[in-house]
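Position 1 is the first residue of the sequence, and the numbers go up from there.
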Amino acid sequence: VFYESFEESFEGRWIVSNKDDYKGLVGEPVALGVDIDVVFGAAGLWKHSKSEGHEDYGLLVSEKARKYAIVKVVDEPVSLKDGTTVLQFETRLQSGIECGGAYIKFLRPQEAGWKPEEFDNESPYSIMFGPDKCGTTNKVHFIFKHKNPKNGEYVEHHLKYPPSVPSDKLTHVYTATLKRDKEVKIMIDGEEKKKANFLAAEDFDPPLIPAKTIPDPDDKKPEDWDDKEKIPDPNAVKPDDWDEDAPMEIEDEEAVKPEGWLDDEPEEIDDPEATKPEDWDDEEDGVWEPPKMYNPKCAIAPGCGEWKRPMKSNPAYKGKWSPPLIDNPNYKGVWKAREIPNPNYFELDKPDFEPIAAIGIEIWTMQEGILFDNILIAKNEKVAKSYRETKWKPKFEVEKERQQAEEEASGLDFLASIKRKVFNALYQIADIPFLSNYKPQILDHIRKAEKQPNLTMGVLVSTVAIILTIFLKLIFGGKNQQCARIETKPVPVVAETSDDQGSDGEKVEKAEKNEAAAAAAARRRRRET
């Protein structure tokens, strides 16, 4: 029904948006060398470029941290209501991807007077399909918009538990097959990754078929409704020997200063080998001070500087007293509004899709080098398979062989292969439906391991530990155990803080500094005791 190979320049056939977010210099293609034509469009630069290592052309996202929007109007709208429809395209993340999308929007007919130059992120679509990865997001989107026949509103329905995006720089082909039996099948590189039913509530969020009843928005909780299951015991009295002012820690009076402790030696000294830079200006840069270094005398002594007794837990510490909780005699349970018929409820035998009137790519990506190619709409699965076999597979096999050769030449073949298999396996595990509630945490650990090779082993171990913990919790943690109340002494807690700002290198450097500081503190505690 539709096929775009990009063997010819896209200029004049695909329209770059001239909306403010994407607006730029639009004009005749500019030749850059032999292999590239350019149209300056939107905030980013679209290029007609060869895929790296091939003679095959594609549509290239050439600049990072830019917005892109380009659209192609099809000759005749493509119906999605009858029979099978296959949506397929190739993407290659030639620079890898840390934050960006490579999905396609299959637009429904637009309002009267709409022009392709007005295409933007608000342009309504029937289906959005393709890879997206940023932070904890790592999924192959499949989203469809469906019109509610009762109120006329369009609702986005997202595929639950979508497959993850391959984590390499090879060409991959993404296929979504809409079947006449109300099913959709998602494939990556010809391998089925997900199957879902459009009418099944467990497959899409929100479900296509609304709930029959909804909470009454006009129903209000009565003022005398008590929903507190537990209350403080009004008859409880603080014990006479309960001291709220006792400190959590006290000095260890039994501690003795270790023999050989160097009271007059500082832990840090000026670096004797440091010299003042030649271009240092005292008036502009201030008085120069040599950097500090660890005092080597302290390395062979129990410790340096003023000795102080270490702190220990106070056996008399109890903290602030509060009365124990008891069952609330007036507890009525959790209040819920009464259910009323849903005025927007409807039933369907199959989805009522809007036809595809145009194909658009509208993304905001932090990576350059995203290449789109071989966009296909077909009414026969065999046609889509033939394109995968003849267009995608030869390129993929060449890239695979080249990647293996590069790894062998660098001596990293075995380790890189093992690492890649481990990551692919972890991404597949993260796609398991029963782990869906924990998927963001799992993907976050995997992403950190990919970004920080020096932390990979530790992160992988922690990821596996999380998965095993969740698995055991699901098996054995179904019932709440009633435990006797045990009074325990509070333990000081150090609050964890997170800082998502800054580059990955800065985060690693900060982590290493924190680790070094913690190690130094541990050494001091050992010396003190």
Side-chain angles (χ1 to χ4, degrees), residues 230-274 287 289-326 454-455 457-459 461-462 465-466 469 473 477 480-499 506-529:
K230 299 283 185 178
I231 60 171
D233 185 353
N235 299 319
V237 178
K238 184 174 71 171
D240 294 335
D241 62 347
W242 192 288
D243 185 359
E244 293 185 342
D245 298 325
M248 183 182 295
E249 290 185 328
I250 58 175
E251 283 189 356
D252 185 357
E253 298 295 339
E254 298 178 358
V256 178
K257 182 169 66 173
E259 185 178 352
W261 188 279
L262 304 179
D263 298 82
D264 299 327
E265 288 289 341
E267 286 192 349
E268 290 185 337
I269 60 173
D270 292 342
D271 185 351
E273 298 182 0
V287 178
E289 295 180 358
K292 299 291 185 179
M293 62 173 286
Y294 185 70
N295 189 342
K297 294 181 181 180
C298 299
I300 57 176
C304 293
E306 181 185 0
W307 180 82
K308 295 180 180 180
R309 286 188 174 88
M311 304 296 287
K312 69 175 185 177
S313 297
N314 183 1
Y317 173 75
K318 293 185 177 181
K320 185 175 178 60
W321 181 85
S322 59
L325 297 178
I326 62 172
N454 58 317
L455 302 179
M457 186 54 65
V459 173
V461 170
S462 64
I466 287 176
T469 302
K473 181 180 179 182
N480 293 326
Q481 301 296 324
Q482 298 297 326
C483 300
R485 186 172 182 269
I486 301 174
E487 291 189 4
T488 58
K489 296 176 182 179
V491 177
V493 177
V494 179
E496 293 184 358
T497 59
S498 61
D499 183 6
E506 291 170 345
K507 292 178 182 177
V508 173
E509 182 180 355
K510 183 176 180 181
E512 291 173 347
K513 288 181 178 178
N514 291 339
E515 185 178 350
R523 288 196 300 270
R524 286 195 297 271
R525 286 195 296 271
R526 287 197 298 270
R527 290 169 185 153
E528 290 167 355
T529 57

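Residues Asn295 and Glu267 bring no donor and acceptor atom of their side chains to less than 3.5 Å of each other.
Residue Glu273 places its CD atom among 12 or fewer non-hydrogen atoms of other residues, nucleotides or ligands, all under 6.0 Å distant. Environment of CD in Glu244: crowded, with over 12 heavy atoms of neighbouring residues, nucleotides or ligands closer than 6.0 Å. Other residues, nucleotides and ligands contribute over 12 non-hydrogen atoms within 6.0 Å of the CG atom of Asp241. Within a 6.0 Å radius of NZ in Lys297, no more than 12 heavy atoms belonging to other residues, nucleotides or ligands are found.
Put simply, the side chain of Trp242 gets close to the backbone of Gly319: a donor and an acceptor are under 3.5 Å apart. When atom types are taken as modelled, the side chain of Asp271 and the backbone of Met293 share no donor-acceptor pair closer than 3.5 angstrom. Checking side-chain atoms of Trp261 against main-chain N and O of Gly305 turns up a donor-acceptor pair under 3.5 Å. Side chain of Asp270 to backbone of Pro272: no donor-acceptor contact under 3.5 angstrom is found.
Checked for salt-bridge contact, Asp243 and Lys318 miss the test: no charged N lies under 4.0 Å from a carboxylate O.
The two atoms that bring Pro266 and Cys298 nearest to each other are O-SG, 3.5 Å, heavy atoms only. In plain terms, the two heavy atoms of Ala316 and Ala246 that are nearest each other are O-CB, 3.9 Å. Of all heavy-atom pairs spanning Pro247 and Asn314, the tightest one is O-ND2, 2.8 Å. Closest of all the heavy-atom pairs between Asp263 and Trp307 is OD2-N, 4.2 Å. Between Ala301 and Gly260, the shortest heavy-atom contact is CB-O, 4.0 Å.
For the pair Ile326/Pro232, no side-chain contact is recorded, criterion being any heavy-atom separation below 4.5 Å from C-beta on. Put simply, the side chain of Glu249 does not reach to within 4.5 Å of the side chain of Lys312, judged on heavy atoms.
A distance of 9.0 Å separates CD1 in Ile231 from CG in Leu325, rounded to the nearest 0.5 Å. In this structure, Ile250 CD1 and Met248 CE are separated by 13.0 Å, a value rounded to the nearest 0.5 Å.
Applying the side-chain hydrogen bond (donor to acceptor under 3.5 Å, both in side chains) rule to Asp252 yields no partners; only residues at least two apart in sequence or on another chain are considered. When the side-chain hydrogen bond (donor to acceptor under 3.5 Å, both in side chains) test is applied to Glu268, no partner is found at least two apart in sequence or on another chain.
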